[in-house]
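Computed from a prediction, not measured in an experiment: that's the story for all the values here. Each ligand, and each atom within it, is numbered from 1 in the order the structure gives.
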Amino acid sequence: MNQDILNRAYARIGALTPMLRDCGALCGAACCQTDADGQGGVHLFPGEAARLKDCDWVDRVVPGSFAPIMICSGQCDRNLRPLGCRIFPLTPVRGKGVRWTVRLDARARAMCPLVASGIGGLDPDFVKAARDAVRIVADDPEGDAFLEKWLELEEEYRKPLW
Ligand code: SF4
Ligand code: SF4
């Protein structure tokens, strides 16, 4: 995906975060911690892996089922963090029409205290910016295909076996 598209998506979110104050203080930045086995990570949008090559806070980038997965040290240069981090705890979803929008990520339930208040509890400017950033990506065919795969994976977390 063209790097300009990523730049535009990043710029749309800018300094906005899920809350007006640092939500990481609520949970010890739970979404930035690896699992007990050292795994856990963020799927990278097309074109992002190349940007992270020289970042010393990136522990490793491993192949994922549909895109590379970045595993970080838990502390990053916020200007370079991937889009998946920038929109969390939101995730892309197709809206009622064909347009993309965002909803709370099912994977956030296990760790994110903001989930309890629903999407309405997040900063509305952040929600709008995340939605617009997703739409910027979706306007690119490779970006749109990536979002479909991302959604497919996220949907799996909405289908518990028990
Ligand atoms: S887990 Fe939720 S509350 Fe904690 S830092 Fe991440 S987005 Fe913020
Ligand atoms: S890149 Fe930054 S925001 Fe993303 S998980 Fe790592 S420390 Fe957290």
Are Trp57 and ligand 2 in contact, using a heavy-atom cut-off of under 4.0 Å? yes
Exceeds 12 heavy-atom contacts within 6.0 angstrom, atom CZ of Arg158: yes
Min heavy-atom dist Met70 to ligand 2 below 4.0 Å: yes
Can you name the one residue among Val134, Asp105, Ile119 that meets side chain to side chain contact (heavy atoms under 4.5 Å, CB included) with Leu90? Ile119
Mark up the atoms of ligand 2 that fall under 4.0 Å of a heavy atom belonging to Gly74, in ascending order. 7 (S)
Of Ala110, Cys23, Ala29, Ala25, the one whose closest heavy atom lies nearest atom 7 (S) of ligand 1 is Cys23
Kindly confirm or rule out a cation-pi arrangement of Arg81 over Phe88, judged by NZ or CZ under 6.0 Å from the six-membered ring centre and within 45° of its axis? no
Please confirm whether Leu26 comes under 4.0 Å of ligand 1, counting heavy atoms of the residue only. no
Any idea which atoms of ligand 1 are less than 4.0 Å away from a heavy-atom of Gly24? 5 (S)
I'd like to check which ligand 1 atoms, numbered from 1 as shown, lie under 4.0 Å from a non-hydrogen atom of Leu114. 3 (S)
Atom 4 (Fe) of ligand 1 reached by Cys31 (N, O or S, under 2.8 Å): no
At less than 4.0 angstrom from any non-hydrogen atom of Cys27, what atoms of ligand 1 do you find? 1 (S), 3 (S), 4 (Fe), 5 (S)
Cys112: numbered ligand 1 atoms lying under 4.0 Å from its heavy atoms: 1 (S), 2 (Fe), 3 (S), 7 (S)
Does the pair Arg109/Glu154 count as a salt bridge with the N-to-O cut at 4.0 Å? no
What orientation do His43 and Phe66 show, parallel under 30°, tilted 30 to 60°, or perpendicular over 60°? parallel
Structural part of Cys32 in contact with ligand 2, heavy atom criterion under 4.0 angstrom: both
Can you tell me if Arg135 uses its side chain to pair, donor with acceptor, with the backbone of Trp100 under 3.5 Å? yes
Using a strict threshold of under 4.0 Å (side-chain N to carboxylate O), is an ion pair present between Asp144 and Arg94? yes
Show which atoms of ligand 1 fall inside a sub-4.0 Å distance from at least one heavy-atom site of Pro113. 3 (S)
